[in-house]
Amino acid sequence: MCHGPAHLVGYVHCDTAVNGTDVPFPFCAQNGAGATAAEWYTYTPSQDHSITITTDLATNVGDDTRFHVYTGGCTGLVCVAGDDDSGAGNLSVATFNVMQGTTYWIAFDNRWSSTGFDFQLIEQPPVFVPVSFHQQSIGLLGYANCVVDMNDDQLDDVVGVGRTLININHQQGLGGFVAHDVTTDSADFIPTWSLCAGDLDGNGANDLLYAGGSGVTFMMSDPDATAFTEVSGPEYVFCQRSNMVDINSDGNLDAFVCHDVDPNVYYMNDGNGNLTFIQGGLGDTPDGGNYGSIWIDYDNDHDVDLFIAKCRGGMVAAAVDQLHRNNGDGTFTEVAALMNLADYQQSWSAAWADYDNDGDLDILIGASSFTNGGHKLMRNDGSTFTNITPGSGFDTFTGTTNEWTTHDFNNDGYADVLGGGDMMMNNGDLTFTQVNVDPGNGPIGDLNNDGFLDVLNGTTMHLNDGNDNNWLRVHTVGTVSNKNGIGARVEVTSALGTQIRDIKSGDGFRHMSSLMAHFGLGADTQVDQVTVYWPSGLVNVVQNPSINGVLTVEESISTAVSEPVAAPSLTLYPNPAEDHLYLQGNFGPAGAVFSVLDIAGKRVLGGAIMNDRLDISTLSAGTSVLRIAAQGRTVQQRFSKR
């Protein structure tokens, strides 16, 4: 092991071969195992800094370097940073913050070359970044595009699949992973295009769907996720995005697959282990172009709707994005043009979130190329979507990708967007700030149980460095609805306001991310209420849950029969009202959740009812609807404000 000076700064000449015998582990840079030697240095800053370590120097042109940075010492190395190939050619560079008095261990290995090289360590003033990541390799086999809890322990696992193998890395919380390889019958189709997960048979363990270039394979798990049964259909499907979702709201999880060259297909689950193949009815343009499907509740009626981001480009039918509104009776109506979402740009996926926390889902339609237009940020205004791209940050964002996903990465209570090799951080006012981060794209979940969302990219975990913000993760367990609660709407109310998440299987274009709903809370130290609207129509409310952990909400309905429950009733007065509206009737207990909807159905006010009185001073004059959900019941009443 080669130890440098205690204060290693500036230009370091290191032309001796990389031949130290202590090979670094864990790997903090991309591209996994393969090194047989390393050179080590230590660095202890005299004050807080942002530092850059780089081999991207003129003297190193043609070299191929990789390095890892740790704290913790030889017996307990913890990754801080690292890089392989971010510099010119195959050189490496990384910038990160360091703390005064902490010793950092820097290891250059011979993963690609044992040739000597020069490097620089440059000290700069500390730089505030809203989110940062460090890298750690994970032993992963096959297609590495799935992060999901496979054994129902509320910890996100990492899954890789091959034709005859499922490699599950079971998370042990802060203690890393334990790998478990399951040999399977040969899959007729492997997930060359996408993968999704969910408990199709309700046995408590998640099954997998492989969306291949010419067909669909299901891998059905036993209750312990220790064995899988292969089921493939004979139908030709040029798969793109795949999802699991309860299409007909019968409590059974179905599967949906975008077809690139023909009408889309879906597999209806009868609840007895039978999946019936159906083609057509949800995206029927004859020449396909169906790429990024995502199932969300855009109109707040508590059933799932379908958006399809189209590809192909040009002014042709196949290229127009589609929005299929769920009519609530097992049928769907295509309403993209009506809702101002029938766009022609090249887009393989779209990121849906309540970006302004006003109670409904907005959409970022991310471009995969600028051939037929750029990114579009569309605000949900109830009766339509309004293009608010100018001035949002997406009008000047030049990154393109097939993968657009949205999660709260810095736990400030606002959903950010990952795409195009950068992260667009939500400023909370429908504007976004571009931050260069290294994860790229991949499935997302909490891979070290620290409450901050991480990104898997190939065999490299990009672990979120976190901050002081609080958080809550909600694990939904369906009983009347499907076991995962896929299609449920989760609302979390705290001093920040009310945030919403939809539970969905299949996010972005290719990957499968965590099925748990993740909420950042900023500086809030308590959550007032969590409300889950289940696909069955049931509603569960949890008051004052603990934060900075996982809250499991199981779908339930009261079975008490000792006293009859009176039918819900609600009287509002005065009506019309001025600044306050008073409530009277059998509408639920104190703390029941309320929403005020304008005449277009847009949520304009919400929270918990206290003292049977609502402050409506911020509402505009006109007619509105008060909707209250409590104890599995919903009651609503119109009122007017002067």
Side-chain angles (χ1 to χ4, degrees), residues 79-81 95-97 127-136 147-148 156 158 349-357 361-364 366 375 377 392-394 397 399 401 403-457 460-474 490 492 494 496 499-502 504 507-508 511-524 547-548 550:
C79 287
V80 173
T95 300
F96 52 98
N97 288 335
V127 176
F128 169 76
V129 290
V131 64
S132 62
F133 297 82
H134 64 275
Q135 300 172 8
Q136 184 172 317
V147 168
V148 71
D156 288 323
V158 177
S349 59
W352 286 79
D354 185 5
Y355 291 116
D356 51 358
N357 284 358
L361 294 178
D362 314 298
I363 178 175
L364 184 279
H375 315 305
L377 181 62
S392 69
F394 285 102
F397 181 48
T401 181
E403 297 284 352
W404 296 94
T405 55
T406 174
H407 301 268
D408 184 358
F409 287 97
N410 61 349
N411 284 357
D412 67 347
Y414 291 93
D416 312 303
V417 176
L418 179 61
D422 288 280
M423 193 169 287
M424 296 292 280
M425 304 304 297
N426 190 338
N427 300 318
D429 59 358
L430 291 174
T431 69
F432 294 76
T433 299
Q434 182 175 348
V435 176
N436 181 259
V437 292
D438 61 359
N441 293 297
I444 294 162
D446 186 352
L447 298 179
N448 54 1
N449 200 35
D450 66 349
F452 288 83
L453 291 175
D454 313 304
V455 184
L456 177 71
N457 190 297
T460 301
M461 296 184 297
H462 296 262
L463 300 175
N464 195 323
D465 294 324
N467 53 43
D468 294 332
N469 287 338
N470 295 311
W471 54 277
L472 178 67
R473 192 176 309 125
V474 180
V490 182
V492 166
S494 68
L496 275 172
Q499 302 177 54
I500 62 175
R501 303 283 187 270
D502 286 353
K504 50 188 177 292
D507 194 11
H511 305 299
M512 177 66 209
S513 294
S514 175
L515 283 168
M516 287 182 275
H518 181 91
F519 296 86
L521 301 174
D524 288 359
I547 65 170
N548 296 330
V550 176

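Computed from a predicted model, the values in this text were never measured in an experiment.
- The aromatic rings of F409 and F133 sit perpendicular, their planes meeting at an angle over 60°, well past the 30° parallel limit.
- Considering only heavy atoms from C-beta on, F432 comes within 4.5 Å of V417 through its side chain.
- Inter-residue side-chain proximity for Y355 and I363 is flagged as unmet; no heavy-atom pair is nearer than 4.5 Å.
- Once rounded to the nearest 0.5 Å, the distance linking CG of N426 with CG of D412 reads 7.0 Å.
- Within the 4.5 Å cutoff, the side chain of D446 has heavy atoms near those of the D454 side chain.
- When side chains are defined from C-beta on, V492 counts as touching L521, because their heavy atoms get closer than 4.5 Å.
- Side-chain atoms of H511 and N441 form no donor-acceptor pair, as typed in the model, at a separation below 3.5 Å.
- There is no side-chain donor-acceptor pair under 3.5 Å between H134 and N464.
- In this structure, the side chain of T431 does not engage the main chain of S392 through any donor-acceptor pair within 3.5 Å.
- For the side chain to side chain contact (heavy atoms under 4.5 Å, CB included) with D416, the lone residue among V131, T406, N410 that qualifies is N410.
- Contact detail for D156 and G445: the closest heavy-atom pair is OD2-CA, 3.5 Å.
- Within the 4.5 Å cutoff, the side chain of F519 has heavy atoms near those of the V474 side chain.
- Once rounded to the nearest 0.5 Å, the distance linking CZ of R501 with CE of M516 reads 14.5 Å.
- A side-chain donor from one of N548 and N470 sits under 3.5 Å from a side-chain acceptor of the other.
- Distance check: L418 CG to T401 OG1 gives 8.0 Å after rounding to the nearest 0.5 Å.
- Interatomic distance, D450 CG to D465 CG, rounded to the nearest 0.5 Å: 9.0 Å.
- By the 4.5 Å heavy-atom criterion applied to side chains, F397 and D422 are counted as neighbours.
- Remark: S132 OG to N97 CG distance equals 7.0 Å, nearest 0.5 Å.
- With hydrogens and angles left out, the side-chain atoms of H462 and N457 include no donor and acceptor closer than 3.5 Å.
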Step by step, would you call L361 with I500 a side chain to side chain contact (heavy atoms under 4.5 Å, CB included)?
-> CA-CA 8 Å; L361 294 178; I500 62 175; 3.9 Å; yes

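- Put simply, the side chain of Q499 gets close to the backbone of G520: a donor and an acceptor are under 3.5 Å apart.
- In D429, the CG atom is crowded: over 12 heavy atoms of neighbouring residues, nucleotides or ligands sit closer than 6.0 Å.
- For the pair D524 and L496, the tightest heavy-atom approach, listed with the atom from each and the gap, is OD2-N, 2.8 Å.
- Residues Y414 and M425 are not in side-chain contact: their nearest non-hydrogen atoms beyond the backbone lie 4.5 Å or more apart.
- The structure places CG of L463 at 5.5 Å from CD of Q136, a figure rounded to the nearest 0.5 Å.
- Between L364 and F394, the closest side-chain pair of non-hydrogen atoms falls below 4.5 Å.
- Taking each heavy atom of S349 and W404 in turn, the nearest pair found is OG-N, 3.0 Å.
- With no hydrogens or angles considered, no side-chain donor-acceptor pair links T405 and D507 at under 3.5 Å.
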